[in-house]
Every structure is written in C-alpha cells, then in structure tokens.
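Written below as structure tokens is the structure these notes are about.
Positions are given from 1, in the same order as the sequence printed here.
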Amino acid sequence: MAQGMTVKFGADTTQFTKGLDRMQKKTKSTASSIKSSMAKMLGAGLIIAGIRSITEELDRAGKLARRFGTDAVTIQKLSHVAKLGAVDIEVMADALKDANIRAEEAAAGSETAAAGFKAMGIDAVAFKELGMEDQFLALADGYNVAEAAGQGFSTTQKVMGENGVKLIPIFKEGSEAILAQADAAGVASNDTVDSVQEMNNAWTSAKTTMVGFAAKTFEILTKTVPLFRRVGDAIHNQI
C-alpha cells in the first residue's frame with residue numbers, strides 16, 4: 001500500500017511538472033506577443049512623430065522663406081548650417097536683416113555703416129543685390145578679413161548686431177566650409193514645401209472649424225438644457 005502511494009505521488013508530481021512547463025511556455029509566448037505588439041505600436045508612434053516633426057520643419061521653412069524674401073531650399077540649407085553651429089535659423093536671418101539695414105545706411109552715406117563693410121572688404125551696394133546664402137558667405141569671409149586686422153568681433157557687432165556675434169563660431173570656418181555644409185544638407189524641393197504648407201493650412205482651418213462647431217454646440221446645449229428642465233418640471237407638476 002505504501003508503495004502504491006509512492007507511485008501515485010510520483011505520477012501526480014510528473015503531471016504537475018508538465019503543467020508548470022506548459023504554463024511557463026504559455027507565459028513566455030504571451031509576454032513575447034505583448035512585447036512584439038508594444039514594439040510595433042512604439043515604432044508606429046515614432047514614425048508618426050517623425051513625419052509630424054518633418055512637416056512642421058518644412059512648414060516653418062516655407063514661412064521663413066516668405067518672411068525673408070528667399071526660397072525654402074535656401075532656408076533649409078542655412079538651417080542645417082545654423083544647427084551645426086548651435087544657433088537657430090532665425091538668429092541667422094535676423095543678423096542678415098541687420099546687415100542689409102546697415103548696407104542701406106552705408107549706401108545712403110552713413111560713415112559708421114560704411115566703415116564696417118570696408119573693414120570686411122565688402123562693397124555695401126553689391127552686398128544688397130546678393131541672395132541670402134551668398135550674403136551669409138560674404139559676411140563669413142568678411143569676418144575673417146576683419147579678424148586678421150584684429151577687428152573681427154567689433155566689426156561683426158557693428159554690421160550685424162548681437163545676433164551677428166552669435167554667428168562668429170560659424171564664420172570662423174570660412175565660406176568654403178560653410179558652403180560644403182549647406183550643400184550636404186538633405187532638403188525638400190520648394191514644390192514639396194508648398195504642398196506641406198497647403199496641407200498644414202488645410203488642417204489648421206479644419207481644426208478651427210471643429211473648435212467653432214464644438215463651441216456653438218456647447219452654447220446651444222447651455223441654452224436648451226434649462227428649457228428642457230423647465231418643460232420636465234411643468235409636466236411633473238401637471239402629473
């Protein structure tokens with residue numbers, strides 16, 4: 001009898017062990033499935049976030065291009081150069097804007113403005129006719145000309161203001177290196193940027209419409225709910 005019990009107990013243990021193994025395998029399979037699903041969801045989320053980031057950047061490039069009178073390709077190239085120099089494209093654009101103001105002043109007879117361009121070896125009148133990218137390259141070489149005479153910082157500040165000073169680390173590399181950086185940038189065509197802007201504008205309009213609809217609906221409900229309550233109260237009183 002004792003022997004039978006021993007055999008029985010051994011059989012029970014074996015079944016338990018098999019069941020435990022199956023449970024562990026099932027748990028591992030479920031965990032693997034959950035992990036795979038989460039990885040897919042995370043991957044899809046990252047893709048969507050990446051696309052959104054790109055469209056926002058292209059939309060910004062288009063808006064800045066219109067703001068500064070250039071094209072989106074140029075803005076993207078200079079944005080790449082600005083990022084490598086740890087500054088924002090708007091800092092660069094504002095510095096160029098100040099430089100153009102000083103160029104106009106120099107052309108109008110301002111000795112102070114003219115002295116700044118002269119120290120850089122730049123013809124102020126010719127500078128005004130250049131495109132945004134060429135202006136930046138000219139100022140980079142101009143900084144190095146002034147710096148060779150020990151006037152790099154002061155001249156840059158005089159021509160481009162405080163924003164120009166922030167660009168000095170980029171200027172030090174010279175126009176050839178800057179041009180190489182700009183040409184190495186991956187950019188979208190102007191047509192692509194225009195399409196992205198149209199899409200973003202349409203989405204903004206749609207969101208505005210939805211917000212307006214929701215606000216109107218809320219307003220209507222706010223006015224009608226008390227009316228329904230009064231009707232309900234009247235019916236209740238009649239009953």
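- When all heavy atoms of Ala113 and Glu105 are compared, the closest pair comes out as CB-CB, 4.0 Å.
- In terms of hydrophobic clustering, with Ile, Leu, Val, Met, Phe, Trp and Tyr side chains grouped at heavy-atom distances under 4.5 Å, Leu84 and Phe171 are assigned to different clusters.
- Taking hydrophobic clusters as Ile, Leu, Val, Met, Phe, Trp and Tyr residues chained together by side-chain heavy-atom distances below 4.5 Å, Ile168 does not share a cluster with Val145.
- At a threshold of 4.5 Å between side-chain heavy atoms, the hydrophobic network of Ile, Leu, Val, Met, Phe, Trp and Tyr places Ile122 and Phe153 in one connected group.
- Taking every heavy atom of both residues into account, Gln151 and Ala119 meet most closely at OE1-CB, 3.9 Å.
- Atom CG of Asp134 and atom CG of Leu139 lie 11.0 Å apart (nearest 0.5 Å).
- Taking the charged nitrogens against the carboxylate oxygens, Asp88 and Arg60 do have a contact shorter than 4.0 Å, which makes a salt bridge.
- The two atoms that bring Ala140 and Ser175 nearest to each other are CB-N, 4.4 Å, heavy atoms only.
- Among all heavy-atom pairs drawn from Lys166 and Val87, the shortest one is O-CG1, 3.7 Å.
- To the nearest 0.5 Å, atoms CE (Met120) and OG1 (Thr156) are separated by 4.0 Å.
- Counting all heavy atoms, side chain and backbone alike, Ala124 lies closest to Ala103 at O-CB, 3.8 Å.
- Distance check: Thr112 OG1 to Phe117 CZ gives 12.5 Å after rounding to the nearest 0.5 Å.
- Lys97 is not listed as a side-chain neighbour of Asn163, based on a closest heavy-atom distance of 4.5 Å or more.
- Using a 4.0 Å cut-off between charged side-chain N and carboxylate O, Arg67 and Asp94 make a salt bridge.
- Considering CD of Glu133 and CD1 of Ile75, their distance stands at 10.5 Å, rounded to 0.5 Å.
- Here the closest heavy-atom approach between residue Ala82 and residue Met92 is recorded as CB-CE, 3.7 Å.
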Could you walk me through whether Leu167 and Tyr143 satisfy the side-chain contact (heavy atoms from CB on, under 4.5 Å) test, starting with their C-alpha distance in whole Å, then the side-chain angles of each, then the deciding distance to 0.1 Å, before giving a yes or no? CA-CA 10 Å; Leu167 299 174; Tyr143 163 79; over 6 Å; no
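- Taken together through direct or relayed side-chain contacts under 4.5 Å among Ile, Leu, Val, Met, Phe, Trp and Tyr, Val73 and Leu64 form parts of separate hydrophobic clusters.
- Atoms CD and CD1, on Gln181 and Ile170 in that order, are 7.5 Å from each other to the nearest 0.5 Å.
- A donor-acceptor pair under 3.5 Å is absent between the side-chain atoms of Gln157 and the main chain of Gly164, judged by distance alone.
- Looking at heavy atoms from C-beta onward, Phe68 lies out of side-chain contact with Thr74 at the 4.5 angstrom threshold.
- Within the model, atoms CG of Leu130 and NZ of Lys128 stand 11.5 Å from one another, a figure rounded to the nearest 0.5 Å.
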